[in-house]
Structures are given as structure tokens and as C-alpha cells.
Amino acid sequence: MQIVVAGQGYVGLPLAVRAAEVGHRVIGYDVDAHRVQQLTAGHSYVEDVASSRLRAVRDSGDYLATTDVAALAGFDIAVITVPTPLRDGVPDLSYIEACARTLGAHLRPGATVVLESTTYPGCTEELLVPILEKVSGLQAGEDFLAGFSPERIAPGNKRWSFEGTPKLVSGIDARSLDVIKGFYDGVFQTTVPVSGPKVAELAKLLENTFRLVNISLVNELATLAAPLGVNVWEAIDAAATKPFGFTRFTPGPGVGGHCLPVDPLFLSWKVEQELGVPFRFVDLADDVNRRMPDYVVQRIVNGLDKRGLPVKGSRILLLGLTYKYNATDLRNSPSARVAELLTDLGAEVRGADPNVPESDTSKLNVPRVDASPEEVAAADAVVLLMDHTRFDLAMIEKNAPYVLDCRNRLSGANVETL
């Protein structure tokens with residue numbers, strides 16, 4: 001089939017390359033000309049898609065990256081994988097709307113449109129489908145098919161591959177579901193059909209809300225356990241020995257990425273809009289996690305004070321700037337807020353992250369350095385925000401005069417854990 005994947009980012013590019021590998025003719029459409037230039041040159045900027053795989057499907061002719069809307073004509077299935085950010089707590093659906101108008105202009109009888117972008121329950125049927133109908137003049141369910149299938153991208157996850165992660169699928173009617181499931185059956189090892197788009201949309205938000213709420217629980221517990229004289233990490237490890245009724249989550253400096261800081265708030269917004277009541281768990285969890293960088297900074301200030309040093313003028317080295325372990329992604333990382341707060345207090349802040357490509361240096365809001373023994377030893381405080389495997393933890397323990405360890409990976413008299 002001829003497949004269009006609209007949006008060639010962390011979600012769209014893995015899907016486009018995988019679909020081409022299994023035999024489809026894929027158009028990777030994106031409005032970002034620089035991104036398309038990179039893809040055309042065979043350079044992948046997504047860590048889970050090797051450049052060699054990209055070049056293989058490009059060279060075979062099964063994958064074409066383009067900004068040209070004319071290339072969208074004649075598609076059998078189009079998948080929308082565009083961003084859905086929050087703007088002042090309100091979902092920004094402008095990317096979905098624009099993409100729907102673009103695809104609607106090329107929609108033909110018998111074609112299918114699938115939304116993968118995370119959104120609120122009802123968006124597929126209440127927003128996407130009406131735009132497609134208006135622009136194309138076709139009738140959903142009669143002339144064309146549609147549905148929702150949420151992305152489950154986990155950058156850097158070595159246990160669950162892209163195609164090995166079960167894929168939820170839904171359609172606006174039975175025929176839509178059959179076609180959408182048939183497509184994804186050829187891409188993923190397991191598909192899980194549900195009764196309709198609203199169920200799939202809510203399921204996606206539930207997955208990330210579950211994680212946000214539980215991370216918030218252990219984060220707040222971390223701020224309370226220390227004053228109570230209890231090692232929260234040991235308590236979590238102890239609780240995790242229970243083989244049922246407990247899922248292990250660990251504290252950290254906050255949450256980041258494209259999912260946890262954003263997706264649950266889509267659900268909170270929809271509940272408030274439709275029902276006029278707050279989703280208290282989500283609102284509280286969001287508040288707790290937004291405060292975690294402030295707590296980290298307060299711990300650094302206290303740690304320096306105990307050593308007779310003011311935070312103003314102190315040299316502070318932040319280790320691990322990405323939002324996730326062994327990832328390369330800086331989006332919404334709490335490290336940015338930690339750095340901002342410390343800089344505002346007058347500290348001399350530096351950052352080290354061997355996983356972040358040199359091309360992304362401009363995205364860092366602190367001077368970038370290597371985590372060398374000299375740099376570690378020269379810092380008044382070293383903060384382990386993310387414990388990438390490329391960090392030499394033994395060297396850090398040996399050379400750092402004072403460490404705040406947000407990941408419970410270090411030990412010694414000079415180390416405090418979050």
C-alpha cells in the first residue's frame with residue numbers, strides 16, 4: 001500500500017521506516033525542511049532508528065521524505081503523528097487541524113486516516129473527522145475510514161522494541177477497525193483492538209497518568225522521608241520485594257519528555273471542560289513534580305551551607321541533562337529548571353551529558369563540559385540528575401568533594417541521596 005506518515009519526529013520516523021521495511025511504499029511528510037534534508041541525506045536524528053536502516057529504505061525507493069504536499073496524492077492510509085503540546089494548560093491542536101486539512105485535500109474514496117498523536121477522548125471523532133469531511137467533501141464511514149491508534153514510543157528502551165510493543169487500534173466503525181488493524185498487524189507483533197477511538201484515546205492517557213501519579217507519590221515521599229530519618233530508597237526496595245500489589249517507582253528531580261508532563265493534563269483539561277470538575281489526582285501529581293527541581297536546588301543549597309559555602313559563586317556541575325536514562329532527548333527535562341534556579345541564585349553552573357549530540361549543544365542552557373576527573377574535582381557540588389551508563393560513577397565518588405545523587409547510584413561520605 002501507499003502510506004503517508006505525517007510528522008517525522010520521534011513517533012513518525014520509526015513508524016515510517018518500519019512500514020517501509022515490511023513492504024509498503026511510504027511518504028514521510030514533514031513541514032520542517034531541515035528535518036527532511038537530514039532524512040534525504042540518510043541521517044537519522046531519532047535514537048531508535050539507525051541511519052543505516054533509514055538509508056536502506058531510502059535507497060530501495062520504499063521511503064521518501066518530503067515537504068511537498070503533492071506527494072501525498074493517492075495514499076491508501078495516512079497516519080498523523082504531529083505534536084500536541086500544551087499552551088498555558090490548554091491542548092494545542094493546531095498541528096492536528098493543519099494536518100487534517102492537508103490530508104483532506106488529497107483524501108479519496110476508500111482511503112483511511114489514522115491519528116496517533118496523543119489527545120483527549122473524543123478528538124478523533126469530534127475534531128479530526130469533521131475537518132476531513134469538510135475539506136474532502138466525503139463522508140466518514142461511507143467514503144473513507146478513520147480511527148485512532150496511540151503511539152507507545154519509549155526512546156532507548158532495550159527490553160521493548162518498537163514493533164514488539166503491543167499496539168492499540170480502533171476505528172470509527174467496524175470496517176475502519178478491520179482496515180486499521182490489518183495495516184498494523186503487518187507492522188507490529190501484537191495488535192489489541194478496542195471498541196472505539198474514545199477508549200483508545202483514554203487508554204493512552206491512563207497509561208501516562210498512572211506513571212505520573214506514582215512517580216509523584218515517591219517524589220513527595222522522598223521530600224518527607226529524610227526529615228523523618230528514613231532512607232526512602234531502602235524503603236522502596238523493601239516494598240518491592242512484595243510479589244503482588246506493588247509496582248516499583250523511584251524518585252528523581254522531576255519528569256520530562258513528551259508524555260508525562262503533558263499527556264495527563266489533556267485528560268484533566270477534558271474533564272474540566274466537559275464535566276466542570278477538577279481531576280484532582282492529575283492536578284496534584286503535576287504540582288508535586290513541578291516542585292521537584294526546587295526541592296533539588298534547596299538540597300544543594302543546604303549541602304553547600306553545611307560545608308561552609310554559599311550557593312552564590314559556587315561552581316556546580318550537573319551530570320545527566322536528558323529527561324530519561326541513556327536517552328538523548330532534552331525535551332521538558334527538569335535539568336533546565338534546576339540550572340535556571342541555580343543560576344538565578346548566583347551559582348556558576350556547568351552541565352555534562354555524553355549522550356547529547358554536539359548538534360544539540362544550543363539547546364542546553366548551561367555551558368557544556370566533559371565529566372572529567374578535573375572537572376568533577378573542581379566543582380563545589382556535583383549533582384547526578386541522570387545516571388547514564390557512560391558516566392564513570394567510581395571516578396565521581398573518588399573526585400567530587402560533595403555530591404547530591406538524585407538516582408541513588410553513588411556512595412561515600414561525600415554523597416547525599418535525594
Side-chain angles (χ1 to χ4, degrees), residues 3-22 24 26 28-30 35 44-49 77-86 91-93 95-96 99-100 103 112-121 123-124 127-128 146-157 159-171 177 180-181 183-194 196-212 255-267 323-324 327 329 331-332:
I3 308 297
V4 167
V5 180
Q8 292 296 278
Y10 287 85
V11 177
L13 184 59
L15 175 63
V17 170
R18 174 65 178 164
E21 288 174 338
V22 300
H24 297 295
V26 181
Y29 173 71
D30 204 289
R35 179 177 281 183
S44 172
Y45 41 76
V46 174
E47 61 187 288
D48 291 335
V49 177
I77 295 178
V79 184
I80 299 174
T81 64
V82 297
T84 49
L86 285 171
D92 179 359
L93 305 175
Y95 297 97
I96 293 179
C99 190
L103 292 174
T112 302
V113 178
V114 186
L115 179 62
E116 283 206 8
S117 305
T118 302
T119 185
Y120 59 84
C123 183
T124 302
L127 178 71
L128 174 64
F148 180 77
S149 180
E151 59 89 3
R152 283 174 165 171
I153 298 294
N157 192 318
R159 179 180 179 186
W160 292 99
S161 65
F162 173 79
E163 64 271 18
T165 302
K167 181 70 166 166
L168 294 181
V169 294
S170 70
L177 177 59
I180 292 169
K181 184 177 185 301
F183 165 64
Y184 284 115
D185 279 343
V187 175
F188 291 86
Q189 295 171 11
T190 304
T191 58
V192 182
V194 297
K198 283 187 177 181
V199 173
E201 289 161 340
L202 181 59
K204 169 62 177 179
L205 297 181
L206 176 58
E207 293 168 14
N208 287 336
T209 300
F210 174 83
R211 291 171 60 203
L212 176 70
V255 297
H258 64 295
C259 290
L260 294 193
V262 176
D263 295 355
L265 299 182
F266 271 75
L267 185 54
Y323 81 92
K324 188 176 180 181
D329 195 348
R331 286 177 298 170
N332 296 318

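Nothing here was measured: the structure is a model prediction, and the numbers come from that model.
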Evaluation steps, side chain to side chain contact (heavy atoms under 4.5 Å, CB included), between T119 and L127: CA-CA 11 Å; T119 185; L127 178 71; over 6 Å; no
Could you walk me through whether H24 and F183 satisfy the side chain to side chain contact (heavy atoms under 4.5 Å, CB included) test, starting with their C-alpha distance in whole Å, then the side-chain angles of each, then the deciding distance to 0.1 Å, before giving a yes or no? CA-CA 10 Å; H24 297 295; F183 165 64; 3.8 Å; yes
Show, in sequence, the C-alpha distance, side-chain angles and deciding distance for L206 and L267, and conclude whether the side chain to side chain contact (heavy atoms under 4.5 Å, CB included) test is met. CA-CA 9 Å; L206 176 58; L267 185 54; over 6 Å; no
Should R152 and W160 be marked as a side chain to side chain contact (heavy atoms under 4.5 Å, CB included) after you check the CA-CA gap, both sets of side-chain angles, and the distance that decides it? CA-CA 10 Å; R152 283 174 165 171; W160 292 99; over 6 Å; no
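Taking the side chain as every heavy atom from C-beta outward, V17 and V46 never approach each other to under 4.5 Å. Counting heavy atoms from C-beta outward, F188 and T165 have side chains that stay 4.5 Å or more apart. In this structure the side chain of P91 reaches within 4.5 angstrom of the side chain of L86, judged on heavy atoms. In this structure the side chain of T84 never reaches within 4.5 angstrom of the side chain of Y120, judged on heavy atoms. The shortest distance between side-chain heavy atoms of E207 and L168 falls below 4.5 Å. Within the 4.5 Å cutoff, no side-chain heavy atoms of C99 are placed close to those of Y29. With contacts defined as side-chain heavy-atom distances shorter than 4.5 Å, the pair F162/I153 qualifies. V79 places a side-chain heavy atom less than 4.5 Å from the side chain of Y184.
Closest of all the heavy-atom pairs between S44 and L13 is OG-CD2, 3.8 Å. Closest approach of V169 to L177, counting heavy atoms only: O-CD1, 3.8 Å. The minimum heavy-atom distance between G171 and I180, with the atom names listed, is CA-CD1, 4.3 Å. Closest of all the heavy-atom pairs between A146 and T112 is N-CG2, 4.4 Å. Of all the heavy atoms in A16 and Q8, the pair that sits closest is CB-OE1, 3.7 Å. In this structure, S117 and V82 approach most closely via the heavy-atom pair OG-O, 2.7 Å.
At least one donor-acceptor pair closer than 3.5 Å links the side chain of K167 to the backbone N or O of P150. A distance-only check finds a donor-acceptor pair linking the side chain of S170 to the backbone of F148 [under 3.5 Å]. For E116 (side chain) and V11 (main-chain N/O), no donor-acceptor pair under 3.5 Å exists by modelled atom type.
Taking SG from C123 and CG from L93, the interatomic distance works out to 5.0 Å, rounded to the nearest 0.5 Å. The structure places CG of D92 at 8.0 Å from CZ of F266, a figure rounded to the nearest 0.5 Å. Atom OG1 of T190 is separated from atom CD of E163 by 11.0 Å, given to the nearest 0.5 angstrom. Atom CD1 in I80 sits 5.5 Å away from atom CG in L115 (nearest 0.5 Å). Between the CZ atom of R18 and the CG atom of D48 there is a distance of 13.5 Å, given to the nearest 0.5 Å. Between the CG atom in L205 and the CG atom in L265 there is a gap of 10.0 Å [rounded to 0.5 Å].
A donor and an acceptor atom, one from each side chain of T81 and E151, are nowhere located under 3.5 Å apart.
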